[in-house]
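I have placed the structure first, in the form of structure tokens, so that the comments after it can refer back to it.
Within every chain, numbering begins at 1; the chains are lettered A, B, ... in the order of the sequence lines, protein sequences first and strands thereafter.
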Number of protein chains: 2
Amino acid sequence: MSVQERKQRERAERERLIVATARELAEQQGWDAVTTRRLAERIEYSQPVLYSHFRGKREIIGAVALEGATELAGAVRAATSAAHGPRERVAALARAYLDFAALNPAVYDALFQLDGGLAYAQEHTPEPLKDAFAALLESLGEVAGDGVHPGLFTEVFWASLHGLATLTRAGRLLPEDAAQRVELLVDRLAVV
Amino acid sequence: MSVQERKQRERAERERLIVATARELAEQQGWDAVTTRRLAERIEYSQPVLYSHFRGKREIIGAVALEGATELAGAVRAATSAAHGPRERVAALARAYLDFAALNPAVYDALFQLDGGLAYAQEHTPEPLKDAFAALLESLGEVAGDGVHPGLFTEVFWASLHGLATLTRAGRLLPEDAAQRVELLVDRLAVV
DNA sequence: TCGATTGTCTAGCGGTGCTAGGGTTGGGTC
DNA sequence: GACCCAACCCTAGCACCGCTAGACAATCGA
């Protein structure tokens, strides 16, 4: 039995290596540079090994996305729990979200831009994705305002942050005024 | 001279055909299906002909994007000019924008998701892109509120719409509550 | 020690964006 | 009207992509 366990452990370890390497490569040179050949070379295995762990490149992107969702949720919770008062909590959340997107562009892309084969906004949505949304909901729900469904408010706020994040990173918005935009967004959307 | 003019005319016509075909193909089957081979086959020329008009696939995407920018600006202006009062104008703008994104997903992708090799938010930004932003600014500027720079407000509002458009189309937001989200966004962001 | 199973690799398929180089065609000139 | 030349377009091919079939080696259980 112990032999099988060791093998399983090694397999799991190699799977982590694949995901970590894909993420690293994507952050360094963009997702276009993450080819199965290059990825295989970096982990020092042949291409088919990748397919014994994942159905294809899509699933690898999906794995990076799930990892990112957990980290994003953690970053948001850390920021909000350190802030005092609803207004400041929301502002901290917004900054944390945008910082995460700016610092981990490839992971953010895996989560929200690329097709990782994940189900969103459904019952069989993976837990990390639900939890990331929950992390937003926790702080945003309290500033939704009377008569406004907290979930709906969170969706709108999230979409706004997502728009700022993607347009900024794609060069559609200049990064200089980023802080001002966040201020404006928080001031207008949040009811405190 | 007349011969050269005719040739120039035919060349321009063929260029329009390329862009129109690329757009059509992208709307029918997505941008992934727009390969240089398929595109060449549809216009009934060989692949290298494409490269006598455009530097590469990127530039073709860029051409579709510019076409889309002009149409988007037109759609927004048509909607706002038919509405009465600032509040209703902004709501009409938001609906027109999101409708455009939903009805022309491939064009919207060319504009804001894909790399069409265009310069944004700079002085040498192509005129259609500047004009599309101007179309938003015209109606949004009047509801920015006191002390808020109209350009900055427009950027924030635009980013929010962009977030709603992309997240909805990517299946991250369910389309059922789309109208409610727009209502909320307009109510909170616009100062009337 | 042997057979079977598991694991990995080499090689290759059909596709991608893009380009070099050879023909063919048609206009301008004598 | 015949010729030359330039402009134009196509065939063929490059290196790369995601993915997989089938041969081979290593390891386990009997």
Side-chain angles (χ1 to χ4, degrees), chain A residues 1-19 21-23 25-26 28-65 106 109-110 114-118, chain B residues 1-19 21-23 25-26 28-65 106 109-110 114-118:
Chain A
M1 282 302 159
S2 150
V3 171
Q4 286 190 10
E5 284 174 11
R6 194 204 68 220
K7 290 207 169 186
Q8 269 192 324
R9 226 171 30 236
E10 288 173 352
R11 241 189 100 75
E13 179 52 38
R14 194 172 63 180
E15 190 158 317
R16 273 193 296 275
L17 177 64
I18 292 172
V19 176
T21 306
R23 175 176 177 167
L25 193 50
Q28 285 173 356
Q29 309 180 170
W31 277 105
D32 279 351
V34 183
T35 70
T36 54
R37 280 174 180 76
R38 247 191 291 259
L39 188 50
E41 195 189 5
R42 285 227 182 175
I43 64 167
E44 296 182 317
Y45 282 94
S46 68
Q47 274 178 286
V49 166
L50 300 174
Y51 293 85
S52 75
H53 288 271
F54 302 94
R55 283 171 173 275
K57 192 181 169 181
R58 249 172 56 146
E59 270 198 7
I60 298 178
I61 295 173
V64 172
D109 280 347
L114 303 176
D115 179 12
L118 302 174
Chain B
M1 280 303 160
S2 149
V3 171
Q4 285 189 11
E5 282 173 12
R6 194 204 68 219
K7 289 206 169 186
Q8 270 192 325
R9 226 172 29 237
E10 288 174 351
R11 239 190 100 76
E13 180 52 38
R14 194 172 61 181
E15 190 158 316
R16 273 194 295 275
L17 177 64
I18 292 172
V19 177
T21 306
R23 175 177 178 167
L25 194 48
Q28 284 173 357
Q29 312 182 37
W31 277 107
D32 278 351
V34 184
T35 69
T36 55
R37 279 174 181 77
R38 246 191 292 258
L39 189 50
E41 195 189 6
R42 286 227 182 177
I43 64 167
E44 295 181 317
Y45 283 95
S46 67
Q47 275 178 288
V49 165
L50 299 174
Y51 293 87
S52 77
H53 288 271
F54 303 94
R55 285 174 174 276
K57 193 181 169 181
R58 249 173 55 145
E59 269 197 7
I60 298 178
I61 295 174
V64 173
D109 280 347
L114 302 176
D115 179 11
L118 302 174

| request: Mind calculating the distance between OH (B/Y51) and P (C/dG17) to the nearest angstrom? | output: 6 Å
| query | Nearest-Å distance, CZ (B/R11) to C1' (D/dC9)? | reply | 12 Å
| request: Determine: side-chain N/O of A/R38 to OP1/OP2 of D/dC17, distance under 4.0 Å, yes or no. | output: yes
| remark: In whole angstroms, the gap separating P of D/dC9 from CD1 of B/I43 amounts to 10 Å
| query | Above 12 or not: heavy atoms from other molecules or residues under 6.0 Å from CD of B/E44? | reply | no
| Can a salt bridge be assigned to the pair A/E13 and A/R16 using a cut-off of 4.0 Å between side-chain N and carboxylate O? | yes
| said: Checking contacts here: which listed nucleotide (D/dC10, D/dC19, C/dG17) is nearest the side-chain heavy atoms of B/P48? | reply: D/dC10
| note | Side-chain atoms of B/Y45 come closest, of D/dC9, C/dC18, C/dA11, to D/dC9
| message | With a 3.5 Å cut-off and heavy atoms only, can you find an N or O donor on one side and an acceptor on the other between the side chain of B/Q47 and the base of D/dC10? | response | no
| request: Specify the separation, in whole Å, of atom CD of A/E41 and atom P of D/dG18. | output: 13 Å
| said: What I'd like to find out is whether the side chain of B/T21 reaches to under 4.5 Å of the side chain of B/L39, using heavy atoms alone. | reply: yes
| query | Over how many whole Å does the gap from B/D32 atom CG to C/dG17 atom C1' extend? | reply | 14 Å
| message | So A/R14, base contact, sugar-phosphate only, or nothing? Heavy-atom distance under 4.0 Å. | response | sugar-phosphate
| field | Nucleotide D/dC28, atom P - distance to CD of A/E10 in whole Å | value | 10 Å
| query | Going from CD on A/E15 to CD1 on A/I43, what distance comes out if it is rounded to the nearest 0.5 angstrom? | reply | 10.5 Å
| request: Quick one: pull up CZ in B/R9 and CZ in B/R14 and give me the separation to the nearest 0.5 Å. | output: 14.5 Å
| task | Measure from the side chain of A/S46, starting at C-beta and using heavy atoms only, and say which of C/dA20, C/dC9, C/dC13 lies closest. | result | C/dC9
| Can you find a side chain N or O atom of A/T35 that sits less than 4.0 Å from OP1 or OP2 on D/dC17? | yes
| task | Measure from CD on B/Q29 to C1' on C/dT16 and round the result to the nearest Å. | result | 16 Å
| message | Between the base of C/dG15 and the side chain of B/R37, is one N or O donor paired with an acceptor at under 3.5 angstrom? | response | no
| request: Using a cut-off of strictly less than 4.0 Å, decide whether A/T36 has a side-chain nitrogen or oxygen near OP1 or OP2 of D/dC19. | output: no
| field | A/K57, nearest nucleotide to its side chain (from C/dT19, C/dC9, D/dG18) | value | D/dG18
| field | Between D/dC8 (P) and B/Q8 (CD): distance, integer Å | value | 10 Å
